[in-house]
Protein chains: 2
Amino acid sequence: MNDLSEAQQIRDLIDRLTRLSAAEEWNGPLNPSQFAALSYLARANRYSRAPSHVADYLATTRGTASQTLKALARKSLIDETRSDADKRSIRYDVAPDGLDLLKVPSGLDEVINELPNETSFVLTAGLKALVNAMLLRRDNRSFGLCRTCKHHQGREKGGYCKLLEVELSPVETGQICHEHAAT
Amino acid sequence: MNDLSEAQQIRDLIDRLTRLSAAEEWNGPLNPSQFAALSYLARANRYSRAPSHVADYLATTRGTASQTLKALARKSLIDETRSDADKRSIRYDVAPDGLDLLKVPSGLDEVINELPNETSFVLTAGLKALVNAMLLRRDNRSFGLCRTCKHHQGREKGGYCKLLEVELSPVETGQICHEHAAT
DNA sequence: ATTTAATAATAGCGAGTCGAAACTATTGCA
DNA sequence: TGCAATAGTTTCGACTCGCTATTATTAAAT
């Protein structure tokens with residue numbers, strides 16, 4: 001009945017949705033890339049906040065990620081911290097002003113919230129399947145939550161990472177890790 | 001159980017999916033915006049291929065759309081035709097080379113095609129709901145298929161548009177129209 | 001203990017997107 | 001006839017994007 005293939009239709013809907021949402025973001029203080037980077041940093045654990053990790057998560061190059069992070073730092077939304085252990089690496093932490101920006105719900109957020117529970121449930125499942133397939137295809141890291149990782153061991157409070165060999169606070173086990181591996 | 005709200009999770013999945021797909025597009029001959037514009041032109045009817053229509057569909061400004069279309073014309077992927085009736089307006093038609101580019105399936109297309117039928121069905125429904133809600137919110141045109149419009153009247157062959165008062169070929173009734181209004 | 005190689009981040013380049021505002025050329029209306 | 005609305009373009013400044021050096025620093029191989 002449809003003239004478009006199901007695939008093209010879904011692709012077009014995703015693209016339109018993103019453009020509709022992006023059009024609203026351009027009216028705000030941050031462009032879509034800057035917002036995505038800031039949002040990632042706010043959810044990533046302290047081992048996953050380097051420019052290279054942001055680049056990997058956003059599926060872009062280190063050069064591009066570096067520029068976007070510098071732009072956020074210029075606006076005092078994130079703070080740069082050089083590592084003592086490895087003097088080459090840098091970690092960015094979200095500053096108070098950055099956290100404030102993330103609190104404002106976007107138009108897309110509001111629209112999603114009005115979806116029936118059942119719809120948002122199947123939507124999440126479908127999108128997860130697509131993202132996972134794309135990650136696999138491109139040989140990208142999964143960037144899942146610490147506590148869902150195969151290196152994670154539960155503790156009475158928080159947890160322990162067998163890979164990095166560190167104790168983890170309850171908050172940290174709910175953060176995104178670049179070393180995440182599915183069970 | 002999840003630390004992220006359902007809304008934020010869905011938003012992040014859509015954003016990641018778009019970025020993953022965009023990263024592949026940058027390796028091709030067209031950037032994401034140019035590809036989206038070309039794809040739209042290939043599906044829109046002859047009354048909906050002006051710069052202003054492209055701008056509206058892509059949720060951007062006329063200025064930006066104009067630049068993207070000029071870039072596509074420079075690459076000989078689309079042809080510019082000035083209207084006789086209204087000397088201000090322009091219509092862009094996709095050139096043979098442009099059509100060839102659209103035939104190549106993207107990585108995201110392939111991934112979508114591997115989804116179970118049921119999953120892609122509910123995914124389409126969910127995304128449609130979100131897009132429609134965003135369009136309503138922003139007071140944007142819907143850009144639906146001609147034959148699903150309230151101004152459309154079926155004929156033995158093709159159809160007739162009560163708004164534009166023109167006869168339509170079978171192909172045209174399956175194209176996107178900027179005047180589309182839901183029944 | 002040195003060289004050499006890998007890694008982390010950045011700078012600079014050219015093409016292009018993005019909104020906003022200024023600017024033509026038409027067309028429609030009063 | 002005159003002015004406002006409309007269609008499209010141009011220019012601007014900020015920025016993204018991939019790419020290719022380039023600079024530190026660290027790791028591995030001699």
Side-chain angles (χ1 to χ4, degrees), chain A residues 15 18-38 40-41 47-75 77-78 80-92 138 178, chain B residues 15 18-38 40-41 47-75 77-78 80-92 138 178:
Chain A
D15 189 60
T18 302
R19 285 181 188 280
L20 252 6
S21 177
E24 292 199 358
E25 281 189 64
W26 281 104
N27 294 330
L30 261 37
N31 69 40
S33 291
Q34 290 170 353
F35 189 89
L38 185 66
Y40 168 76
L41 288 177
Y47 308 110
S48 310
R49 297 195 211 123
S52 54
H53 302 140
V54 175
D56 206 1
Y57 188 79
L58 299 185
T60 185
T61 58
R62 284 163 195 233
T64 299
S66 188
Q67 298 224 7
T68 299
L69 292 169
K70 292 285 173 195
L72 287 172
R74 269 200 305 277
K75 298 177 188 181
L77 301 174
I78 57 176
E80 188 180 311
T81 307
R82 303 201 88 90
S83 166
D84 284 330
D86 186 339
K87 284 170 190 161
R88 292 170 302 181
S89 60
I90 287 178
R91 175 168 53 85
Y92 283 100
R138 293 175 42 87
H178 75 111
Chain B
D15 188 60
T18 302
R19 284 179 188 281
L20 252 5
S21 178
E24 292 199 359
E25 281 189 64
W26 280 106
N27 294 330
L30 262 38
N31 68 40
S33 291
Q34 290 170 353
F35 189 89
L38 186 65
Y40 168 76
L41 289 177
Y47 309 109
S48 311
R49 297 195 211 123
S52 53
H53 302 140
V54 175
D56 205 3
Y57 189 79
L58 299 185
T60 185
T61 58
R62 285 163 196 237
T64 299
S66 187
Q67 297 220 12
T68 299
L69 291 169
K70 292 284 173 197
L72 288 172
R74 268 200 305 278
K75 297 178 186 179
L77 301 174
I78 58 176
E80 189 179 310
T81 307
R82 303 200 90 90
S83 166
D84 285 329
D86 186 339
K87 283 171 189 160
R88 291 169 302 181
S89 63
I90 287 178
R91 174 169 52 86
Y92 283 100
R138 292 175 42 87
H178 75 111

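Predicted model only: the values in this text are computed from it and were never measured. In what follows, chains are A, B, ... by sequence order, proteins preceding strands, each numbered from 1.
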Original post:
Could you go step by step and tell me if N31(A) and T68(A) meet the side-chain contact (heavy atoms from CB on, under 4.5 Å) rule?
Top reply: CA-CA 10 Å; N31(A) 69 40; T68(A) 299; 5.7 Å; no
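Expressed to the nearest 0.5 Å, how far CZ of R74(B) lies from CG of L69(B) amounts to 11.0 Å. We find the CZ-CG distance between R49(A) and L41(A) to be 7.5 Å, quoted to the nearest 0.5 Å. The distance from the OH atom of Y92(B) to the NZ atom of K70(B) is 4.0 Å, given to the nearest 0.5 Å. Of the inter-residue distances, the one linking E25(A) atom CD with Q34(A) atom CD reads 10.0 Å to the nearest 0.5 angstrom.
Against DNA chain D, the stretch residues 81-92 of chain B makes heavy-atom approaches under 4.0 Å through R88(B), S89(B), I90(B), Y92(B).
Across all strands, A50(B) comes closer than 4.0 Å only to sugar-phosphate atoms, never to a base (heavy-atom distances).
For S33(A) against L58(A), the heavy-atom pair with the smallest separation is O-CD1, 4.4 Å. Minimum interatomic distance between R19(A) and A59(B) (heavy atoms only, all atoms of both residues): O-CB, 3.9 Å. Heavy atoms only, all atoms of each residue included: Y47(B) and H53(B) are closest at O-CE1, 3.1 Å. Taking each heavy atom of I78(B) and A73(B) in turn, the nearest pair found is CG1-N, 3.6 Å. Taking both residues in full, the closest heavy atoms of H178(B) and S48(B) are given as N-OG, 2.9 Å, listed atom of the first, atom of the second, then distance.
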Original post:
With the sugar-phosphate defined as primed atoms, P, OP1 and OP2, and the base as all remaining atoms, what B/S/- string results for nucleotides 13-20 of chain C, 5' to 3', for protein heavy atoms under 4.0 Å?
Top reply: ---SBBBS
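Think of the region where chain B sits on DNA chain D: with heavy atoms and a 4.0 Å cut, that region ends 5' and 3' at dA5(D) to dG18(D).
OP1 or OP2 of dA8(C) has at least one side-chain nitrogen or oxygen of R62(A) nearer than 4.0 Å.
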